[in-house]
Amino acid sequence: MPDDGLNPELRRELYTKMVLIRKFEEKLIDLAREQARVIGMQILSVGQEAVAAGVVKALEPDDVIVSNHRSHGHLLAKGADPKQLMAEIMGKAGGVNKGKAGTLHLCVPEINAIMTSTVVGASPPLGVGAAFAQQYRRLPHITAVFFGDGAAAEGSVHEAMNLAALWKLPVLFVCENNAWAGAQCLKDHSCVEQIVKRAAGYDMPGEAVDGNDAEAVYRLSVKMVGHCRSGKGPALIEAVTYRMRGHGEHDHGHYMDKTVLAQWTERCPVRRLRERLAGEGILTAARCDSIDAETVALVESAVAFGDASPFPEPEAALEDLWIQ
Amino acid sequence: MPDDGLNPELRRELYTKMVLIRKFEEKLIDLAREQARVIGMQILSVGQEAVAAGVVKALEPDDVIVSNHRSHGHLLAKGADPKQLMAEIMGKAGGVNKGKAGTLHLCVPEINAIMTSTVVGASPPLGVGAAFAQQYRRLPHITAVFFGDGAAAEGSVHEAMNLAALWKLPVLFVCENNAWAGAQCLKDHSCVEQIVKRAAGYDMPGEAVDGNDAEAVYRLSVKMVGHCRSGKGPALIEAVTYRMRGHGEHDHGHYMDKTVLAQWTERCPVRRLRERLAGEGILTAARCDSIDAETVALVESAVAFGDASPFPEPEAALEDLWIQ
Amino acid sequence: MTKVSYGQALQQALDLALNMDERVFLAGEGIGTSIHLDPNLPTYGLLNKYGSRRVKDTPVSEAAIAGLAVGASAMGLKPVVEVMFFPFMTLAGDMLVNHAAKLRYLSGGRNAFPLTVRVKAGVNFGAGAQHSHNLEAWIAHSPGLKLVFPSSPADGKGLLLSAIFDPNPVVFVEEMLLYWMQGEIPEGDIRIPLGKARVLRPGSDCTLVTYGGAVYTALQAAGTLAETEISLEVIDLRTLVPLDKACILDSVRKTGRLIVLHDATRFCGFGAEIAAIAAEEAFDSLKAPVMRIAAPDIPVPVSPPQEAFYKPAPEKVVTAARALMAYAQ
Amino acid sequence: MTKVSYGQALQQALDLALNMDERVFLAGEGIGTSIHLDPNLPTYGLLNKYGSRRVKDTPVSEAAIAGLAVGASAMGLKPVVEVMFFPFMTLAGDMLVNHAAKLRYLSGGRNAFPLTVRVKAGVNFGAGAQHSHNLEAWIAHSPGLKLVFPSSPADGKGLLLSAIFDPNPVVFVEEMLLYWMQGEIPEGDIRIPLGKARVLRPGSDCTLVTYGGAVYTALQAAGTLAETEISLEVIDLRTLVPLDKACILDSVRKTGRLIVLHDATRFCGFGAEIAAIAAEEAFDSLKAPVMRIAAPDIPVPVSPPQEAFYKPAPEKVVTAARALMAYAQ
Ligand SMILES: Cc1ncc(C[n+]2csc(CCOP(=O)(O)OP(=O)(O)O)c2C)c(N)n1
Ligand SMILES: Cc1ncc(C[n+]2csc(CCOP(=O)(O)OP(=O)(O)O)c2C)c(N)n1
Ligand SMILES: [Mg+2]
Ligand SMILES: [Mg+2]
């Protein structure tokens, strides 16, 4: 069981995970610039690491997550192997999905990250289906579903919430409100400022949280996960955060207000946690630095693994569709 | 402008409309029993007449309505010709849509009933499109959209509400909560008892009303229509009523609780208004009887019109798809 | 063998599957408590027998129903969900086509979606184009989905059992107007493999390929043609994906003539694929042009004479077969 | 004539339409303020020029976007809405197929839906099957929708103008990887009628029918074949519905051989319709089997060698044409 008290070890783990996500994605920024080292769009969660780390830390290993197009953080937080992930993002045969998925549809069953969809709004109905299976099989597990503020406008999200609440399915809806859906800011795509306002329309608990505070996210998640696990049905968390980069690395964010961005940079979740833990003497600056350095080395080894892995055979494209 | 005071004339008109709807549909019950006089399913609004009459009375002739599978009441209230409607329901060439629509997709442009869809949940996005055109063209008109409690579970309804509220479109969402979606009662298909709870999730006004009280429906509609017309955006009315018959005439309602049905029969909206108007001396019993009798005659003449009209030519099925 | 209706045969398959495998559950709008009180409907009586844990009435939410199937099957269950009428498949399309059909492939074979979607097809029940619109060609053009379209009680039962226990996602189309048609079915868990067509009526002059309710149009025409000594070989595809190409080609190579028949509209319909396969792979056997008989390219109108006009009639097959026999290259 | 990119040509059409007719408005996800700052994109700069009343960014709500188009067009506007990538068309499917395509018909011709839906098609941008999945065959099998799929800047401009001002609903497919391709276009409101194919390269030995980006695959193959004296006639359909059957049949009757090529998957793809038409209506002219060249029946994988494998290459056309020429009946 996750400890719902934020003990020092857990806080250090939170920090370590967030550094892993940050370093992994900073490397992808580099690789995206060097043409052809990574494939397709690079849609990163830089600035949103506290959501992935905080929510997933409140889950059990057997709990399931369903992710969306901005998935690296969720998967790394859940324990995906950075090597296989990196190789996959490079489209290599050694990737976790043999290169077929690339960055957008990563599937990592060994950590119960069973589906990732880049169709915006798809993760909630998929996750509701997974949660149904958990309820049906009387498992003590829950499903956490990640989706964005933009996705909240999709009809599928509404249908999923109604069904989950009606059948009291153990699903935690996590809306990462990062203030953007592509180039549209929240007030241009949503009629409400707080997505969590909608929870009442499904008679389910919903709370907003500072999505740049990993500990706050964790605390709320523990509470909401407890609700879901106890058989009382779904819950909604709205993690208010900010997309620190363009929508993807192909987007230079020309429409983003640099002042606002600077304000959010001040609130960088990784730095905040580091400073807090250092301030409280839980992690010394030196220890933080060595965590950072170890993580960079880990990420470099992932890149080396990816580089060393061959591309899949073209004809292998014909495999993996059908089960015989 | 509709008078928002309920003057005697208006109250008499409400009664007359409701009687028209009731008699028209009672005739359809007969015709459905006599095989082959009417085509397809007969999905009737018996018991729900106050919603159609009350809402539409609060509209201007130039206002638009978009209806669903249970449309006869909405269309008659708006002023559709009973003759052409009846002929259409019979699949005849003299029908308002040449027999192509039948009962389920009636389109009556001359009364601004521009679209009816039998795809549950489709009327809200269609109506939002119509309301957009009204706003875009700076018309003083609004669009009223009818949908059921069952439809409220469709994703399209959510998308429509978000868009309407975001763009402040002049659309009145009218949810006819008749306690059933086919054979599923409200608590079996909706996670909330009151659909109107969802209005807050779109920052739009929403109010429930006794859907069997035509005057109450009218009063709330005047208020909500005023809101929409003033440019403040959409509004939601939930008219709480009851489906007095099976889903359609092919359904004998074996799953419906007879005691509950009897309670609602007591609350018959037509009788209630009649008794109220009689009690207040606004319509004598004799006048009511003669309205009823005139309406029956009108409906009979509609049936005669339908009977006299030929079926369309088979080959005419090839017409009306494309505009050259 | 017992004699039951097509609907009851499907019901037996559902019943058996529920009984045999705890992982099977049913979900859909009104599949438990229905407005129809008719023992010939596939899900009739199953809620009573298996309870609301395994037979689930849902809200009117096609995307969520399909998502339920995708998500639950990813977790190892064997969902059998219903989309009421074919046109409503549009609302489930993203979940089925972008998710059930693709996510296993994209995962490099690391997950699986052993789900079945039941859907009703058919014209001639007076409901019009928003209820009647055969979209099997859409499904067939979505790699990753199997597609079954049975025409008889025995096929219905045997193929539905195979569909439910197939490890891939399957769309199972039920011809609504056949629900009341009687036929013999074997007892017990007798499955018919997916991907095998059946020669319903052997013939030597002309091959007719069809499926679903149109099978009866074809058989009627074959009877009429036999009177004037034209021997029509009628093939019921039964499964559209995977397609039993060998059966079609063997027949066309034998007869040298091909008619394709279906109730769906003609342009880009499933018949186009069959015609194309013949033109590609049996070209040297063809003695006459391929002919397609299908609904005209219009939505389904409600008025009875027009709806009847829409549905391909046996006479059209008779005329086509005669024209092919008369054709001289 | 001026030289612009395919994307800019489309942009000119949108610009002209907005300028000429107050009833035209644009809506879609990120069509005004976009994450892309690229003047070659069709809607680039139009928000600035026409303001947010006429160029509308929407929420991520494909069904509502399509519903907006259907409802607004029923009221006499001429909406031009965008569905970002073809697979997301599934989410707009009900509104387009069950409503835009059917409601006029069902109304007995009493209303009209003069809307245009722009959608991006294409593989080889590394996004995989949930972004790349050509579904033109679905649209073509939905009576009531016109379907345009231009391959050049001039066609793009002329056909988009025709689509916008056509009184019927039109799905307009844009080949994404062509956005940056340059070509000459005429100035002003010059329209190309819907329903007219074009012989891009006359030839005498074999007809190749294609559309969209695959046109360039065909032309490249035609060049290679010319070196060995095989003369390929390349037809660019431009409009898929209504289809210019006469153009195809004239060519096939002349050459006696037909190859159909597209980037969509093969089974039940649009090519099946073309092949079927040839087998029905040009049978007596055919000297060899019809051949279809299309993507394999799999979702689009992400890994570059596999994605390249997916897309039909010119070599396949060359091989097919040689096989057809060598074919002896
Ligand atoms: C159904 C669908 N429509 C559109 C897109 C294109 N798209 C990709 S991400 C995105 C914005 C999503 O915003 P949000 O849900 O807030 O997630 P974020 O990118 O901010 O993490 C859009 C519109 C898509 N992938 N799927
Ligand atoms: C998209 C779709 N799904 C299912 C149906 C079948 N169906 C017709 S009416 C109905 C129930 C609708 O309930 P509600 O919206 O409350 O309207 P009511 O019939 O009660 O007026 C259903 C499920 C349909 N027509 N459209
Ligand atoms: Mg966002
Ligand atoms: Mg209802």
Side-chain angles (χ1 to χ4, degrees), chain B residues 64 66 88 93 95-102 104-110 112 114-119 121-137 139 141 143 145 154-156 158-164 166-167 169 171 312 316-317 319-324, chain D residues 22-25 27 52-54 56-79 81 91-95 97-115 143-146 166-170 194-195 241-242:
Chain B
V64 167
V66 178
E88 184 61 37
V96 65
N97 305 120
K98 304 185 193 167
K100 288 204 167 76
L104 291 176
H105 329 83
L106 293 155
C107 170
V108 194
E110 60 272 25
N112 291 308
I114 55 171
M115 291 174 284
T116 297
S117 173
T118 181
V119 177
S123 53
L126 296 172
V128 164
F132 173 79
Q134 292 165 326
Q135 182 193 67
Y136 183 88
R137 301 171 77 175
L139 300 173
H141 316 142
T143 298
V145 161
E154 288 281 7
S156 53
H158 167 68
E159 294 190 15
M161 288 184 176
N162 181 51
L163 190 64
L166 181 69
W167 289 357
L169 301 178
V171 54
E319 296 164 10
D320 297 322
L321 183 59
W322 301 109
I323 305 182
Q324 293 312 333
Chain D
E22 169 78 13
R23 292 169 299 179
V24 175
F25 73 95
S52 64
R53 176 169 166 268
R54 308 211 40 214
K56 308 205 67 76
D57 280 317
T58 66
V60 194
S61 302
E62 286 75 10
I65 292 167
L68 174 73
V70 179
S73 63
M75 298 283 286
L77 298 187
K78 298 192 171 301
V81 301
L91 294 160
D94 169 60
M95 278 293 136
V97 172
N98 290 325
H99 295 89
K102 295 176 182 170
L103 284 186
R104 167 181 166 74
Y105 179 79
L106 292 173
S107 80
R110 300 215 50 201
N111 54 18
F113 303 97
L115 62 87
L145 298 176
K146 293 193 176 181
D166 193 281
N168 302 288
V170 183
L194 304 188
V241 180

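Note that these values count all heavy atoms, side chains included, but never hydrogens, waters or copies made by symmetry. Proteins get letters first, then strands, A, B, ... in listed order; numbering begins at 1 in each. Computed from a predicted model, the values in this text were never measured in an experiment.
- Using a distance-only test at 3.5 Å, with no hydrogens or angles considered, no donor-acceptor pair links the side chain of B:D320 to the main chain of D:Y105.
- With a 4.5 angstrom heavy-atom cutoff, B:E319 touches chain D only via backbone atoms.
- Listed here is the closest heavy atom pair of D:R110 and B:V96: CD-O, 3.2 Å.
- With values rounded to the nearest 0.5 angstrom, D:L106 atom CG is found 9.5 Å from B:E88 atom CD.
- Smallest separation of non-hydrogen atoms from B:F132 and D:K56: CE1-CD, 3.3 Å.
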B:Y136/D:M75 under side-chain contact (heavy atoms from CB on, under 4.5 Å): CA gap, chis, key distance, verdict: CA-CA 11 Å; B:Y136 183 88; D:M75 298 283 286; over 6 Å; no
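- Shown here for B:Q324 and D:P167, the closest heavy-atom pair between the two residues is O-CG, 4.3 Å.
- In terms of heavy-atom pairs under 4.5 angstrom with chain D, the leader among B:Q135, B:M115, B:H158 is B:M115.
- Each of D:L68, D:N98, D:L91 has some count of heavy-atom pairs under 4.5 Å with chain B, and the biggest count is that of D:L68.
- Heavy atoms of D:T58 lying under 4.5 Å from chain B belong to its backbone as well as its side chain.
- Heavy atoms of D:K146 lying under 4.5 Å from chain B belong to its backbone as well as its side chain.
- Of all heavy-atom pairs between B:N97 and D:S107, the closest is ND2-O, 2.8 Å.
- B:I323 and D:A112 make their closest contact through CD1-CB, 3.5 Å (heavy atoms, listed as atom of the first residue, atom of the second, distance).
- Interface remark: B:A317 contributes backbone and side-chain atoms alike to the contact with chain D (heavy atom separation under 4.5 Å).
- For the pair D:I65/B:E159, no side-chain contact is recorded, criterion being any heavy-atom separation below 4.5 Å from C-beta on.
- If you measure heavy-atom distances from B:T143 to chain D, you find no contacts under 4.5 Å at all.
- Counting heavy-atom pairs closer than 4.5 Å to chain D, the top residue among B:A131, B:A122, B:A160 is B:A122.
- Within the 4.5 Å cutoff, side-chain heavy atoms of B:L166 are placed close to those of D:P59.
- When heavy atoms are compared at a cutoff of 4.5 Å, B:I114 approaches chain D by way of both its backbone and its side chain.
- Heavy atoms only, all atoms of each residue included: D:A101 and B:L321 are closest at O-CD1, 3.8 Å.
- Most heavy-atom pairs under 4.5 Å with chain D: of the set B:G155, B:G102, B:P312, B:A101, this distinction falls to B:A101.
- The parts of D:P143 that come within reach of chain B are both its backbone and its side chain, each placing non-hydrogen atoms under 4.5 angstrom from that chain.
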Show your reasoning for whether side-chain contact (heavy atoms from CB on, under 4.5 Å) applies to D:M95 and B:V119. CA-CA 10 Å; D:M95 278 293 136; B:V119 177; over 6 Å; no
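- With a threshold of 4.5 angstrom between heavy atoms, D:L145 approaches chain B through N, CA, C or O but not through any side-chain atom.
- Taken to the nearest 0.5 Å, the CG atom of D:D94 stands 8.0 Å off from the CD atom of B:E154.
- Note that OG of B:S117 and NZ of D:K102 are 9.5 Å apart. Values are rounded to the nearest 0.5 Å.
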